[in-house]
Novice: 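Have a look at the structure that comes next, please.
Atom set for the values below is all heavy atoms of this structure, side chains included, hydrogens, waters and symmetry mates excluded.
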Amino acid sequence: MVAASLLLLGAAPLAAAYSWAAPSASSFAGATSADVFPPPGATITTDETYFPDAEQVGFAGPTPTGAEPEAIQTAPAAPIKTDTYPLIDPYTIPGFSPLRYWGNLSPWFSVGGAFGLPDTSPQIPVGCELTQVHILQRHGARYPSDEGSNVLAGALQAAVVNGTGFTAKGPLEFLNTWTYKLGAEILTPFGRQQLYDLGVAARVKYGELLNGFTSLPVFRTTSESRMVQSALNWAAGFFGVEVYESSYHQVIIIEEENYNNTLAPWNACNNANGPIYEMGSWYQGNWTDVYLKDTVKRLQRDLIGVELNTDIVYAMQEMCAYETVSIGYSRFCDLFTEEEWKGFEYSIDVNFWYGDGPGNPTGAAQGIGYVQELVARLTKTPLTVFDTTTNGTLDGNNITFPLNQPIYMDATHDTVIASIATAMNFTTMTAGGPLPVDHIPLDNTYHVQYIAPFASHMEGQVMTCPTSSAPSAPKETYIRFVLNDGVVPLTGIAHCATPNKDGLCRLDDFVAGMKQRIEEVDFLYDCFADYPVPYPDLLTNGREKL
């Protein structure tokens with residue numbers, strides 16, 4: 001018992017734990033493996049005369065259409081998203097799912113009352129009538145967009161190719177034959193499914209609003225592959241695979257330096273790059289060193305020939321998430337405790353808080369361009385001043401930026417949703433900040449898996465409602481926001497401060513509050529002024545110039 005205790009504390013030498021033999025890892029451990037489809041040389045035109053399409057074949061059977069659905073107004077309750085089929089949910093700890101603690105790498109799920117209104121449904125309140133919806137949609141699950149998750153693979157390959165090899169035992173034994181199977185940045189199959197399913201869901205909830213169109217809808221996305229594919233898969237679900245390409249117009253905004261783009265705003269905000277942006281990674285690294293310190297020692301006991309550190313072990317946690325949403329299951333998920341997964345989640349909260357959200361001096365400035373567009377749409381007022389991330393060429397044209405649509409859909413990134421939430425001053429999310437980097441606070445209210453998981457979506461619902469419960473009460477127009485099926489209180493917005501049990505604010509009051517917020521945010525200063533990286537960073541409003 002004494003020897004075992006010493007081993008657990010990391011005091012016993014490795015030789016006491018195992019009788020290590022010669023290195024047992026394969027020569028391909030940690031190597032990158034990939035597959036190519038379609039097969040080289042195979043094209044859809046090969047033998048196409050043998051495969052006539054449905055229109056050529058005919059015999060379609062009955063094809064009358066039905067009324068558009070309006071479930072958001074008529075159903076007695078809202079649907080709840082809890083599953084991640086066909087992914088294997090790593091329930092390795094009884095009563096605890098790591099999948100809910102992956103921050104922006106978590107698949108989206110219905111968050112309920114996470115933002116402070118636990119008894120409020122996404123369904124339109126009784127007596128109200130929906131007139132418009134504004135959908136802000138994150139892309140679906142993707143492969144990694146940086147090299148961080150490949151740190152582990154590189155270390156293993158270096159050991160077997162350039163070193164003396166390595167041996168992994170116990171729970172790490174699978175590393176002896178493990179290969180890196182992830183692509184880069186594009187959607188995974190599950191990510192495509194997420195957006196298709198959400199397009200179907202939007203049609204079921206909001207389909208009746210299509211009756212208000214007098215021309216084809218115009219939806220927007222950015223030019224990155226995963227963004228375009230997310231928008232297309234959403235549209236295929238919303239309109240139907242056979243007709244979606246002819247059912248709407250897709251604006252694709254260039255996502256690159258020197259192009260204004262409210263859905264990828266950092267390219268038009270100098271301070272959103274470099275040291276100001278790197279605050280998020282710096283604070284995250286401080287916390288990672290705290291919560292993974294003992295984990296490194298524990299996992300090292302099962303691995304000889306590769307020296308672990310917090311970067312490599314953190315990459316193992318990322319591999320759990322990425323492999324799960326890419327290939328359906330990951331052995332890495334079994335390696336960590338509940339406490340370590342909560343530490344991982346908090347590392348992402350810290351990164352977003354200080355990198356893109358309320359703790360970053362450019363957080364509000366990056367999101368304020370979308371707020372300007374939202375006000376223009378709500379008031380049907382053309383934009384004429386383009387002094388933030390708005391794009392004068394596209395936003396100044398009533399064809400590419402129409403103001404008369406009952407349904408708007410904009411596809412964007414996770415960090416942009418965080419910046420827009422900051423710009424709109426959703427203060428219930430920030431009430432527990434600033435976030436410390438040496439412990440997880442009990443009152444933390446900023447959870448990225450609720451705000452910006454894979455396929456996150458925020459819906460601004462505009463509706464007319466009676467002003468009171470009196471039978472003859474007049475009606476007014478209201479708005480509220482639903483993020484991943486959780487209604488967001490608008491009490492941090494000027495003129496909307498009075499709590500409402502349904503999360504509603506009079507539309508005129510909301511617009512007035514957003515116009516005030518636009519005036520408060522000094523875009524030029526926050527994005528281009530020469531100011532030092534704030535330390536200590538006590539910001540909770542996403543603004544350098546208050």
Novice: Any donor-acceptor pair under 3.5 Å linking the side-chain atoms of T430 with those of T427?
Specialist: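 Side chains of T427 and T430: no pair found under 3.5 Å.
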
Novice: Return the orientation label for the W178 and Y180 ring planes: parallel under 30°, perpendicular over 60°, tilted otherwise.
Specialist: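 Judged by the thresholds at 30° and 60°, the geometry between W178 and Y180 is perpendicular.
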
Novice: So which heavy atom on A423 is nearest to which on A364, and how close?
Specialist: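 In terms of heavy atoms, the two residues are closest at CB-O, 3.5 Å.
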
Novice: Mind listing the closest non-hydrogen atom pair of A184 and Y143 along with its distance?
Specialist: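 In this case the closest contact between A184 and Y143 is N-CB, 3.6 Å.
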
Novice: Would you say Y259 has more than 12 foreign heavy atoms packed within less than 6.0 Å of its OH?
Specialist: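 No.
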
Novice: Of all the heavy-atom pairs spanning A168 and L175, show the shortest one and how long it is.
Specialist: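 Of all heavy-atom pairs spanning A168 and L175, the closest is CB-CB, 4.1 Å.
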
Novice: At their closest point, which heavy atom of G183 faces which heavy atom of P144, and how far apart are they?
Specialist: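 Reported closest heavy-atom pair: O-CD, 3.6 Å.
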
Novice: List for me each residue that meets side chain to side chain donor-acceptor pair (under 3.5 Å) alongside S326, sequence neighbours excluded, and say none if there are none.
Specialist: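 Partners of S326 by the side chain to side chain donor-acceptor pair (under 3.5 Å) criterion come out as none, since no residue qualifies.
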
Novice: On the 0 to 90° scale, with breaks at 30° and 60°, tag the H413-H139 ring pair as parallel, tilted or perpendicular.
Specialist: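 Perpendicular: the ring planes of H413 and H139 meet at over 60°.
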
Novice: Pairs in or reaching into residues 413-427: which pass salt bridge (charged side-chain N to carboxylate O under 4.0 Å, His left out), with residues at least two apart or in two chains?
Specialist: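 Sorted pair list: R138-D414.
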
Novice: Is the shortest side-chain heavy-atom distance between M316 and L299 below 4.5 Å?
Specialist: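 Counting from C-beta outward, M316 and L299 do come under 4.5 Å.
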
Novice: With a 4.5 Å limit on heavy-atom distance, are the side chains of Q250 and T221 in contact?
Specialist: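 SC-SC contact between Q250 and T221 confirmed.
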
Novice: Show every salt bridge (charged side-chain N to carboxylate O under 4.0 Å, His left out) that has at least one partner inside residues 83-102, sequence neighbours left out.
Specialist: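 Every salt bridge (charged side-chain N to carboxylate O under 4.0 Å, His left out) pair that includes a residue of residues 83-102, provided the two are not neighbours, is K81-D83.
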
Novice: Heavy-atom distance under 4.5 Å between the side chains of W341 and C320, does that happen here?
Specialist: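 Side chain of W341 against side chain of C320, heavy atoms only: contact under 4.5 Å found.
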
Novice: Can you say whether the rings of F174 and F332 are parallel (under 30°), tilted (30 to 60°) or perpendicular (over 60°)?
Specialist: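 Correct class here is perpendicular.
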
Novice: Using ring centroids (six-membered ring only for Trp), state whether F219 and W234 fall under 6.0 Å.
Specialist: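 Ring-ring flag for W234/F219: true, centres closer than 6.0 Å.
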
Novice: State, yes or no, whether a side-chain contact exists between P434 and D537 at a heavy-atom distance under 4.5 Å.
Specialist: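 Not in contact.
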
Novice: Test side chain to side chain contact (heavy atoms under 4.5 Å, CB included) on R480 and T120 and set out the steps.
Specialist: CA-CA 12 Å; R480 71 170 179 180; T120 303; 3.8 Å; yes

Novice: Test V313 against every option in L335, T288, T295 by the side-chain contact (heavy atoms from CB on, under 4.5 Å) rule and name the one that passes.
Specialist: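 Only match with V313 under side-chain contact (heavy atoms from CB on, under 4.5 Å): T295.
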
Novice: For residues 340-349, which residue pairs qualify under salt bridge (charged side-chain N to carboxylate O under 4.0 Å, His left out), counting only residues two or more places apart or in two chains?
Specialist: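 Output for this query lists R298-E340, E338-K342.
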
Novice: Please find the pair of heavy atoms, one from T45 and one from T43, that lie closest to each other, and give the distance.
Specialist: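 Minimum heavy-atom separation between T45 and T43: OG1-OG1, 3.0 Å.
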
Novice: Taking only residues at least two apart or on different chains, which pairs with a member in residues 183-198 satisfy side chain to side chain donor-acceptor pair (under 3.5 Å)?
Specialist: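 Checked against side chain to side chain donor-acceptor pair (under 3.5 Å) - neighbours excluded - the pairs reaching residues 183-198 are E185-R226, Q193-D197.
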
Novice: Mind checking whether N271 and P361 have side chains closer than 4.5 Å, heavy atoms only?
Specialist: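 A side-chain contact under 4.5 Å is absent here.
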
Novice: Report, as yes or no, whether the 6.0 Å neighbourhood of atom CD1 on I80 holds more than 12 heavy atoms from other residues, nucleotides or ligands.
Specialist: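 Count not over threshold, so no.
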
Novice: Answer yes or no: does atom OH of Y277 have more than 12 heavy-atom neighbours from other residues, nucleotides or ligands under 6.0 Å?
Specialist: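 No, not enclosed.
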
Novice: Just one of Y346, F344, Y450, F96 clears the ring pair (Phe, Tyr, Trp, His ring centres under 6.0 Å) bar with Y101, so which one?
Specialist: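 Going through Y346, F344, Y450, F96 one by one, the ring pair (Phe, Tyr, Trp, His ring centres under 6.0 Å) with Y101 is satisfied by F96 alone.
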
Novice: Can you tell me which residue pairs pass the salt bridge (charged side-chain N to carboxylate O under 4.0 Å, His left out) test with a partner in residues 268-295, sequence neighbours excluded?
Specialist: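 Qualifying pairs, neighbours excluded: none.
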
Novice: Does the side chain to side chain donor-acceptor pair (under 3.5 Å) test come out yes or no for T362 and N360, once each step is laid out?
Specialist: CA-CA 5 Å; T362 69; N360 189 284; 2.7 Å; yes

Novice: Using a 4.5 Å cut-off on heavy atoms from C-beta on, say whether the side chain of L136 contacts that of H457.
Specialist: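 No - every pair of side-chain heavy atoms lies 4.5 Å or more apart.
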
Novice: Relative to the ring of Y408, is the ring of H134 parallel (under 30°), tilted (30 to 60°) or perpendicular (over 60°)?
Specialist: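 It falls in the parallel class, under 30°.
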
Novice: Can you find a pair of side-chain heavy atoms, one from N351 and one from Y354, that are under 4.5 Å apart?
Specialist: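 SC-SC contact between N351 and Y354 ruled out.
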
Novice: Within a strict 4.5 Å, meaning less than it, do heavy atoms of the I451 and Y446 side chains meet?
Specialist: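 In contact.
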
Novice: So Y291 and Y314, would you call those rings parallel, tilted or perpendicular, with 30° and 60° as cut-offs?
Specialist: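 Judged by the thresholds at 30° and 60°, the geometry between Y291 and Y314 is perpendicular.
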
Novice: Does the gap between the ring centers of F115 and F426 come in under 6.0 Å?
Specialist: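 That pair fails the under 6.0 Å test.
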
